[in-house]
Amino acid sequence: MANLAINVDVDVAIDPEGIKVTAWVDEESDGVVVDDLDWQTIIDREIEDVSLAGGGPIVVDTDHNGVESVMTIVNVLRDQAERLEEAIRNSNIFIRSEWVRNTKDMEYGADKTATMSEYVISYGEYLDYMNEYDQ
């Protein structure tokens, strides 16, 4: 009997609508969305997990406190949101649209990537750029 190896890559991504889980089988495949949960569904599931069946109240017992359990998740999410914001503020920003516009007329075969660093700016510079862009 022959064995067949299958490479599966799974990605979990958050976006403004919720959490999306995508899987790729081998390197050549298109991603398949395995699960796409909106934020309200996630919230409802978390409350259901600590409540009596059928939409009953949140359970607090000697060995399990549903309120504290959910509030721990809330606090962790707040902390992670702050860490994500800090990571963005500490990241360099590549203004790709400017780079594409300014390199489109370069000679065929020219190394456009050599100019990419000219379009990388700090978060503060990005805010200034967006302020000018909006005006």
Inset, instruction - Please round to the nearest 0.5 Å and tell me the distance separating atom OG1 of Thr103 and atom CD of Glu118. - result: 10.0 Å

Legend entry - All pairs passing salt bridge (charged side-chain N to carboxylate O under 4.0 Å, His left out) where residues 49-72 contributes a residue, at least two apart: none

What pairs of donor and acceptor atoms, side-chain ones from residues 84-97 against any protein atom, are under 3.5 angstrom apart with sequence neighbours left out?
unit_1, atom_1, unit_2, atom_2, d
Glu85, OE2, Arg89, NE, 3.2
Glu85, OE2, Arg89, NH2, 2.6
Asn90, ND2, Glu86, O, 3.1
Ser91, OG, Ala87, O, 2.6

Inset, instruction - Could you list the residues that satisfy side-chain contact (heavy atoms from CB on, under 4.5 Å) with Val34, not counting sequence neighbours? - result: Val21, Ala23

Legend entry - Pairing residues for Glu82 by the side-chain contact (heavy atoms from CB on, under 4.5 Å) criterion, not counting sequence neighbours: none

Inset, instruction - Report the residues that fulfil side chain to side chain donor-acceptor pair (under 3.5 Å) with Gln80, sequence neighbours left out, ordered by chain and then residue number. - result: Arg83

Legend entry - Gap between atom CD of Glu48 and atom CD1 of Ile43 - 0.5 Å precision: 12.0 Å

Legend entry - Counterpart residues, side chain to side chain donor-acceptor pair (under 3.5 Å), relative to Tyr129 (two or more places apart): Glu98

Inset, instruction - Supply the members, apart from Val59, of the Ile/Leu/Val/Met/Phe/Trp/Tyr cluster built from side-chain contacts under 4.5 Å; use none for a lone residue. - result: Leu52

Legend entry - Distance, nearest 0.5 Å, that separates OG1 of Thr41 from CD of Glu46: 11.5 Å

Legend entry - With sequence neighbours excluded, residues passing side-chain contact (heavy atoms from CB on, under 4.5 Å) with Ser122: Glu125

Expected list for residues 2-16: side-chain donor-acceptor pairs under 3.5 angstrom, two or more places apart:
unit_1, atom_1, unit_2, atom_2, d
Asp15, OD1, Glu17, N, 2.8
Asp15, OD1, Gly18, N, 2.9

Legend entry - Steps toward side chain to side chain contact (heavy atoms under 4.5 Å, CB included) verdict (Leu37, Arg45): CA-CA 10 Å; Leu37 300 168; Arg45 285 184 181 181; 3.5 Å; yes

Inset, instruction - Run through Val76, Asn75, Leu77 and flag the one making a side chain to side chain contact (heavy atoms under 4.5 Å, CB included) with Ile73. - result: Leu77

Inset, instruction - Sorted by first residue and then second, give each ring pair (Phe, Tyr, Trp, His ring centres under 6.0 Å) pair with at least one member in residues 29-63; sequence neighbours left out. - result: none

Inset, instruction - With rounding to the nearest 0.5 Å, note down the distance linking CG in Asp128 to CG in Asn131. - result: 7.0 Å

Inset, instruction - Answer yes if Ile121 and Met116 sit in the same cluster of Ile, Leu, Val, Met, Phe, Trp and Tyr residues linked by side chain heavy atoms under 4.5 Å apart, and no otherwise. - result: no

Legend entry - Same cluster (ILVMFWY, side-chain, under 4.5 Å), Met130 and Tyr123: yes

Legend entry - Non-neighbouring partners of Thr22 that pass side-chain contact (heavy atoms from CB on, under 4.5 Å), sequence neighbours left out: Lys20, Trp24, Val33

Legend entry - Partner residues of Tyr119 under the side chain to side chain donor-acceptor pair (under 3.5 Å) criterion, sequence neighbours left out: Asn102

Legend entry - Non-hydrogen side-chain atoms of Val67 and Val60 separated by less than 4.5 Å: yes

